[in-house]
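As a basis for the values below, the full set of heavy atoms in this structure was taken, side chains included, without hydrogen atoms, waters or symmetry mates. Chain letters run A, B, ... following the sequence lines, proteins first, then strands; residues in each count from 1.
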2 protein chains.
Amino acid sequence: MTGRRTRVMLADDHTLVRGGIRKILEGQPGIEVVAEAADGAAALDLVGSTEADVLVLDLKMPGTDGIDVLRAAKAIRPGLKVVILTMHAGQEYVARAVKGGADAYLLKDSAVQDLVAAVSAVMAGQTYFSPAIQQQLAGLLRNGGQPPSGTQTLTDREREVLTWLARGLSSKEVAKELNISVRTVETHRANLMHKLGVKSVAVLIQVAMREGIIDPTP
Amino acid sequence: MTGRRTRVMLADDHTLVRGGIRKILEGQPGIEVVAEAADGAAALDLVGSTEADVLVLDLKMPGTDGIDVLRAAKAIRPGLKVVILTMHAGQEYVARAVKGGADAYLLKDSAVQDLVAAVSAVMAGQTYFSPAIQQQLAGLLRNGGQPPSGTQTLTDREREVLTWLARGLSSKEVAKELNISVRTVETHRANLMHKLGVKSVAVLIQVAMREGIIDPTP
DNA sequence: CCGGATCTCCGTACTTGTACGGAGGCCGCT
DNA sequence: AGCGGCCTCCGTACAAGTACGGAGATCCGG
């Protein structure tokens, strides 16, 4: 629109996928890819050192929580537009990404043209969300703002307990870890089960992984 | 090599990733992409209906077990070369893929040129494996053939119990499901824990997902 | 044919998790 | 100040999982 090409940075841990996205974007006349990163830390380095207009960010990268990268990127360079590109449509994920200032949220099973459209949209100061994501957003808005409808948002403490549970600690061990009573951990655990609507630890873990609440243990 | 271009089919559930891979391959002079599929069933349809030399197959697709697709594809058209392209390097995954007749096994964090090299290799009647995969294979071969070293292979029954556990059933419920005693289920459960080297159901589920033994509950 | 692996079942003792229900302190918002 | 959400802790009773160790049946391959 401005006559200058849009400069894009890519952050995705899968080299091959990153390369493919690059090819797609480079096929567009108005877009040029100026940098790539394979993890959150490298992405933030780029944000600080490279002049770019848009960051295409995969939320699922080893080590770092993608949402933290998003927030940090926006803090470092508020004018930077961020397009979230992930395979997860979990409510927790979406809610935290939007609150973190994401300008677009695309699923990896979107059409190729959607990616281009998303980049164009954010450059025009607009937002862009995949259809599935728009539904999530509608659900979020309907309920006032923060608390999603079906899946309730977890409290910080619950999320913390959950991550330790995911690492295989028993309630007793989590209690020691957090210096709280076993009963308290059990309360959090019960609340987690209820909030996520599951009845076993096995499914709890899977839901948590799918929603992007925890990352797999390496 | 033959003067004719290599015809490639793509099977990956993520449209955007698929599109990217297509762009990468189409940038190569000797390669043309002749078809795409978003799930296992569609991939098998293509194998039956389309003349192609190579199938680039993502093992993680909704609904179908990628290994089954691999085996079926080889059964339908034995001459077809199959390049596995996935983000999982789990031993179970690799072992089953190789036994299923995979000609190449690439990780999604491979370099772009590795994909091209893999396609060329299988067309020349050779195999191609990512470095990380080669290590897994070495481990497999060292132990005679079937039983991997660190992670032991699971028996069919154990895998069966595991999938039910992953769906949230208690030992008692699994026992009813399989018409066996609760004690037996508990034995299998204990063996699973030992074989996979974990001490909690939470980690068990994660390892199982990472190794490709179970697929996430939808 | 025998050994090994697998699947099956059992008991017992102990540890954990689950399901109730109740309660006080803290903090932010109205 | 009052309200509500969150975090914290408690008891009790029952269900489930864990850790031992043992054993018979089948099936397959050497």
Side-chain angles (χ1 to χ4, degrees), chain A residues 92 95-96 99 140 143-149 151-208 213, chain B residues 92 95 99 143-149 151-208 213:
Chain A
E92 272 271 332
R96 294 207 291 152
K99 278 188 228 160
L140 289 171
N143 295 45
Q146 318 321 328
S149 53
T151 308
Q152 300 175 37
T153 32
L154 306 180
T155 66
D156 289 342
R157 203 52 161 177
E158 285 165 350
R159 211 189 308 277
E160 200 173 5
V161 170
L162 178 53
T163 56
W164 287 113
L165 289 179
R167 290 176 195 176
L169 275 66
S170 67
S171 292
K172 187 184 289 184
E173 291 168 322
V174 175
K176 264 182 224 145
E177 188 67 38
L178 300 178
N179 280 316
I180 58 180
S181 159
V182 183
R183 317 299 179 124
T184 306
V185 176
E186 284 170 347
T187 302
H188 288 316
R189 184 196 281 250
N191 290 336
L192 281 166
M193 299 281 204
H194 287 141
K195 284 189 175 180
L196 295 179
V198 300
K199 67 182 215 304
S200 73
V201 186
V203 181
L204 174 66
I205 296 301
Q206 292 177 70
V207 171
I213 302 168
Chain B
E92 273 271 334
K99 280 188 225 160
N143 294 45
Q146 317 322 329
S149 52
T151 308
Q152 300 175 38
T153 32
L154 307 180
T155 65
D156 290 342
R157 202 53 161 177
E158 285 164 351
R159 211 190 308 276
E160 201 173 4
V161 170
L162 178 52
T163 56
W164 286 113
L165 289 178
R167 290 176 195 175
L169 276 66
S170 65
S171 291
K172 188 184 289 185
E173 291 169 321
V174 175
K176 263 181 227 147
E177 187 68 38
L178 299 179
N179 280 316
I180 58 179
S181 159
V182 183
R183 315 300 177 120
T184 307
V185 176
E186 285 170 345
T187 303
H188 288 316
R189 184 196 279 250
N191 290 337
L192 281 166
M193 299 282 204
H194 287 141
K195 283 189 176 180
L196 295 178
V198 302
K199 66 182 213 303
S200 75
V201 186
V203 181
L204 174 66
I205 295 301
Q206 292 176 71
V207 171
I213 302 169

When rounded to the nearest 0.5 Å, the distance separating CD of A/E186 from OG of A/S171 is 5.0 Å

So CZ of B/R167 and CG of B/L162: to nearest 0.5 Å the spacing works out to 10.5 Å

- Message: Using OP1 and OP2 only, check whether a side-chain N or O of A/S171 sits under 4.0 Å from C/dT16.
- Response: no

A/E160 meets the salt bridge (charged side-chain N to carboxylate O under 4.0 Å, His left out) criterion, sequence neighbours left out, with A/R157

For this session: Spell out, as yes or no, whether a donor-acceptor pair under 3.5 Å connects the side chain of B/Q206 to the backbone of A/A166.
Result: yes

Decide yes or no on side chain to side chain contact (heavy atoms under 4.5 Å, CB included) for B/L204 and B/R189, but give the supporting numbers first.
-> CA-CA 10 Å; B/L204 174 66; B/R189 184 196 279 250; 5.6 Å; no

Here the distance between atom P of C/dC14 and atom NZ of A/K172, to the nearest Å, is 14 Å

- Message: Is there a side-chain contact between A/L196 and A/E158 in this structure, where contact means two heavy atoms from C-beta onward sitting under 4.5 Å apart?
- Response: no

To the nearest angstrom, the CG-P distance between B/L178 and C/dT8 comes to 8 Å

Test side chain to side chain contact (heavy atoms under 4.5 Å, CB included) applied to B/V201 and B/M193, step by step: CA-CA 8 Å; B/V201 186; B/M193 299 282 204; 4.0 Å; yes

For residues 173-181 of chain A, dump all side-chain donor-acceptor pairs below 3.5 Å to protein atoms at least two apart in sequence or in another chain.
residue: A/E173; atom: OE1; partner: A/S170; partner atom: N; Å: 2.8
residue: A/E173; atom: OE1; partner: A/S170; partner atom: OG; Å: 3.4
residue: A/S181; atom: OG; partner: A/R183; partner atom: N; Å: 3.0

Rounding to the nearest 10°, end axes of the helix from C/dC1-D/dG30 to C/dT30-D/dA1 built from five pairs each make an angle of 50°

Contacted region of DNA chain D by chain A, from 5' end to 3' end of the hits, cut-off under 4.0 Å to heavy atoms, spans D/dC6 to D/dT12

In short, B/G168 meets A/K199 closest at the heavy-atom pair O-NZ, 3.4 Å

The reported gap from CG in A/N191 to CG in A/L154 (rounded to nearest 0.5 angstrom) is 10.0 Å

Here the distance between atom C1' of C/dA19 and atom CE of A/M193, to the nearest Å, is 12 Å

Numerically ordered, the residues 180-190 of chain B set in heavy-atom contact under 4.0 Å with DNA chain C is B/I180, B/S181, B/R183, B/T184, B/T187, B/H188

Testing C/dT16, C/dC7, C/dT18 for proximity to the side chain of B/R157, the answer is C/dC7

Contacts of B/T163 meeting side-chain hydrogen bond (donor to acceptor under 3.5 Å, both in side chains) (sequence neighbours excluded), chain-then-number -> none

